[in-house]
Protein chains: 2
Amino acid sequence: MAQKAGVSVTTVSRVINNSKPVSSELRERVERVIKETGFAPSEVARGLVHRKTKLIGLMIPKVANTFFSQLIEGAEQVAKANGFNILLTVSHMDMEKEVDYLSIFKDRQLDGIIFSVSQFTNLHRQFFNEFEIPTVFLGQQIKETPYPYILIDNFKASYEATKYLINKGHEKIGILKGPDYDISTGYERYRGYQQALQDAGLAVHDDWVFSDFHDINNGYRGMKTIMEQDELPTAMFACSDVMAVGAINYLQDHGFRIPQDMSIIGFDDAELSTMFRPKLTTIRQDSFEMGAEAMRCLIEQIVEKKTEKKEIIFPHQLIERESTAETTNYLRR
Amino acid sequence: MAQKAGVSVTTVSRVINNSKPVSSELRERVERVIKETGFAPSEVARGLVHRKTKLIGLMIPKVANTFFSQLIEGAEQVAKANGFNILLTVSHMDMEKEVDYLSIFKDRQLDGIIFSVSQFTNLHRQFFNEFEIPTVFLGQQIKETPYPYILIDNFKASYEATKYLINKGHEKIGILKGPDYDISTGYERYRGYQQALQDAGLAVHDDWVFSDFHDINNGYRGMKTIMEQDELPTAMFACSDVMAVGAINYLQDHGFRIPQDMSIIGFDDAELSTMFRPKLTTIRQDSFEMGAEAMRCLIEQIVEKKTEKKEIIFPHQLIERESTAETTNYLRR
DNA sequence: AATCTACAGGAAAACGTTTTCCTGTTCTTG
DNA sequence: CAAGAACAGGAAAACGTTTTCCTGTAGATT
């Protein structure tokens, strides 16, 4: 390249980066050769000298899930706009894989990490203790690192969801939640539910609590388990829309009408919430924007070269649609 | 690192890569220091000397879409198993963005590309003419490059879907299709539909043909447009499940029953096909496995260092569920 | 005992850039 | 007119590895 233009590599670098004035004659020679050969500098060589890769590691538990797939799109858009690209990894809730990927991120010298941790284990702790890399945590309140995290107030949102059902006259309210170690969609959402019941003077009925990964089949199974009890709830708080949909499927398959026979409120406002019938009453969180904001926050850390602990609490919103109604207290409840 | 162990960098490299025998004494010294410091060689420096990045560029039009999000998971899994990582980009069907990303892929010296092209333009052509990089095309029959492509037989699948409706007694069959320039989900699927009608001696009724991007709102809109005609179809072939769901939503919102008043067959077998009610009759394609296979095929190209033109035609499968029925010819049809 | 062979390990080149430092020319300025 | 300033451009170092090539020592072979 430099040879073809009859100049030094230095000069080539200068015209490409505009880092120092170059006479118009040489500049033109170089530019012509660039046009002709389609030359473009190697990003990896650049990366080596700058110790920057312009790559962001994005680690999430699953992509085939509206929440995460929209989040990815948000993150990608902001990354692209700032000259970054995304290295995507899927952890499938597997802690070992997570730590494994973390060290891949390190070896590849990624400029930053957006990380939806499933559970912050000692290995995670160790990694972040030994190694400094701009990070934003997603969906969980990770307090033990100097890095920001971004999430909605799951406790409050769940409190509101439950309260909403209570206000509709329901006193027997079950919950379909994530696994306990999943702080956000398991523990925190359960806490909100529990608190709302307690504040209303209602008891938590353990038979109406079902925990498992958020997927449609578990929603179905969970609802089945609960409907096989002697005493039945009149409303359910499903901690994700997929759970809600699975539950509704079970109920409809067994002759129950929603919301007349059972009120169900979901969580996420996934695309399917509106296309599903009945349309889901749900708690909306803007996953696209959360991905975008996480990326902004990360890039800020990277360019400013300093990280400050920030809690970014995103707003949520209860959206009333068709899957919930006033209690009618019928059946054998 | 080398200093701390009192050896040369050469030796460090040798123990890490086992590339040449090292005396047990030095080996131990080096290994100890590695343990202590958590040293790991820089992948970017390695990339520079090997001219390999172990990175695969994956470009798709959208991630918040079951087909693609599952495909990503399949691809990621195979990549991971072979020591590759994925650089993910989202093109949003924007040709300029696509070409832009292609040159980013080139500059970053990615080892290969998995590419779901929206439309193969001259700029695409130019890129692949000027630059050699192992590639696998997804979802479209790109014949003009030496690289493999992987897809289902959209013509045949659509023929079968339409034939299925015809066999149910339907003679008035509409279609909700992708845009024309989208060869697979627009053009090819339309061709299959048309051919099936023709072979059955039925005419294509232009008023029952609706084209637009595959999303739920367009399904709704498309169905609306068609239902506002004087003469109405008794069955619809929706070229994607999201279109089908949108269409059904429209119909149900206006008092039609599925499948009694209108049969609808979808395409994709997205997760929502079974959780939606009525459960969607649809054409199934295994997107996870297509992603996985695309990645296998790409990695093969990369390690064997030769590419041969291959057509990988994935099987599809008509799955009969609840959204289709024998024609009943009622209403004013 | 002298040469040859094996072999461990280091020095240096290479990968493709950016950046620092230096050189030589031209232009100012007193 | 000489000395300094301004400036364009190149040489070389640096980034962190791998790999090639060389060296020195110890053991084997005549």
Side-chain angles (χ1 to χ4, degrees), chain A residues 1-34 37-55 83 85 103-111 131-133 302-303 305, chain B residues 1-34 37-55 83 85 103-111 131-133 302-303 305:
Chain A
M1 164 67 215
Q3 307 216 33
K4 273 190 190 155
V7 300
S8 70
V9 284
T10 313
T11 305
V12 174
S13 172
R14 281 177 187 146
V15 350
I16 288 179
N17 300 301
N18 258 346
S19 44
K20 235 184 124 181
V22 170
S23 71
S24 54
E25 191 205 330
L26 290 203
R27 158 160 272 125
E28 267 167 33
R29 277 222 308 269
V30 172
E31 278 169 349
R32 193 168 42 72
V33 178
I34 287 180
T37 61
F39 173 86
S42 153
E43 283 303 325
V44 2
R46 280 183 158 173
L48 186 59
V49 6
H50 286 143
R51 291 193 208 72
K52 304 237 156 129
T53 51
K54 287 284 187 174
L55 266 180
N85 288 115
S103 67
I104 290 180
F105 287 175
K106 175 191 149 204
D107 300 346
R108 283 193 181 275
Q109 292 168 239
L110 301 197
D111 291 350
F131 189 65
E132 262 184 43
I133 179 170
I302 294 171
V303 306
K305 286 176 181 131
Chain B
M1 162 71 215
Q3 306 214 36
K4 273 189 190 154
V7 299
S8 69
V9 284
T10 315
T11 306
V12 175
S13 172
R14 280 177 188 145
V15 350
I16 288 179
N17 301 301
N18 258 348
S19 44
K20 236 183 126 181
V22 170
S23 72
S24 55
E25 191 206 329
L26 290 202
R27 156 159 273 125
E28 268 166 33
R29 278 223 307 270
V30 172
E31 277 168 350
R32 193 169 42 71
V33 178
I34 288 180
T37 61
F39 173 87
S42 153
E43 283 302 327
V44 2
R46 278 183 160 174
L48 186 59
V49 7
H50 287 142
R51 291 194 208 72
K52 304 235 155 127
T53 50
K54 287 283 187 176
L55 265 180
N85 287 115
S103 65
I104 290 181
F105 287 175
K106 173 191 150 204
D107 300 345
R108 284 194 178 276
Q109 291 168 239
L110 302 197
D111 291 351
F131 189 64
E132 263 184 43
I133 181 168
I302 294 171
V303 306
K305 286 174 183 134

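In what follows, chains are A, B, ... by sequence order, proteins preceding strands, each numbered from 1.
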Sub-3.5 Å pairs of nitrogen or oxygen atoms, protein against nucleotides 24-28 of chain C:
none

Measuring from [X]:[atom1] to [Y]:[atom2], what's the distance to the nearest 0.5 Å?
| X | Y | atom1 | atom2 | value |
| --- | --- | --- | --- | --- |
| A:Arg27 | A:Ser24 | CZ | OG | 8.5 Å |
| B:Arg108 | B:Leu55 | CZ | CG | 8.0 Å |
| B:Asn85 | B:Glu43 | CG | CD | 9.0 Å |
| A:Ile133 | A:Lys106 | CD1 | NZ | 10.0 Å |

| message | Let me spell it out: for each of A:Ile16 and B:Val9, pick the nucleotide of DNA chain C with the closest heavy atom. Which residue's pick is nearer the 5' end? | response |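 The 5'-side residue here is B:Val9.
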Contacts of type salt bridge (Lys or Arg N to Asp or Glu O under 4.0 Å), residue [X], not counting sequence neighbours:
| X | answer |
| --- | --- |
| A:Glu132 | none |
| B:Arg29 | B:Glu25 |
| A:Arg51 | none |

Output yes when a side-chain donor or acceptor of [X] lies under 3.5 Å from a complementary backbone atom of [Y], and no otherwise.
| X | Y | value |
| --- | --- | --- |
| B:Thr53 | B:Gln109 | yes |
| A:Ser42 | A:Ala45 | yes |
| A:Asp111 | A:Lys54 | yes |

List for me each residue that meets side-chain hydrogen bond (donor to acceptor under 3.5 Å, both in side chains) alongside [X], sequence neighbours excluded, and say none if there are none.
| X | answer |
| --- | --- |
| A:Asn17 | A:Ser13, A:Arg46 |
| A:Ser19 | none |
| A:Ser8 | A:Thr11 |
| B:Arg14 | none |

| task | For DNA chain D, determine which residues of residues 17-33 of chain B have any heavy atom closer than 4.0 angstrom to one of its atoms, and list them numerically. | result |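 B:Asn17, B:Lys20 - these, ordered by number, are the residues of the stretch whose heavy atoms sit under 4.0 Å from the strand.
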| field | Interface residues of residues 44-53 of chain A with DNA chain D (non-hydrogen, below 4.0 angstrom) | value |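 Here the set is A:Leu48, A:Val49, A:Arg51.
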| query | Across the strands shown, which category fits A:Ser13 at heavy-atom distances under 4.0 angstrom: base, sugar-phosphate, nothing? | reply |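 Base: the residue A:Ser13, judged by heavy atoms under 4.0 Å, touches a nucleobase.
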| Of all nucleotides in DNA chain D with an atom under 4.0 Å from a non-hydrogen atom of chain B, which is the first and which the last going 5' to 3'? |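 So the contact region on DNA chain D extends D:dG16 to D:dC21.
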| query | Salt bridge check: are B:Glu28 and B:Arg32 linked by an N-O gap of less than 4.0 Å? | reply |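 So B:Glu28 does not pair with B:Arg32 through a salt bridge.
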| What does the inter-axis angle of the helix from C:dA1-D:dT30 to C:dG30-D:dC1 come out as, five pairs per end, nearest 10 degrees? |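 The value is 60°.
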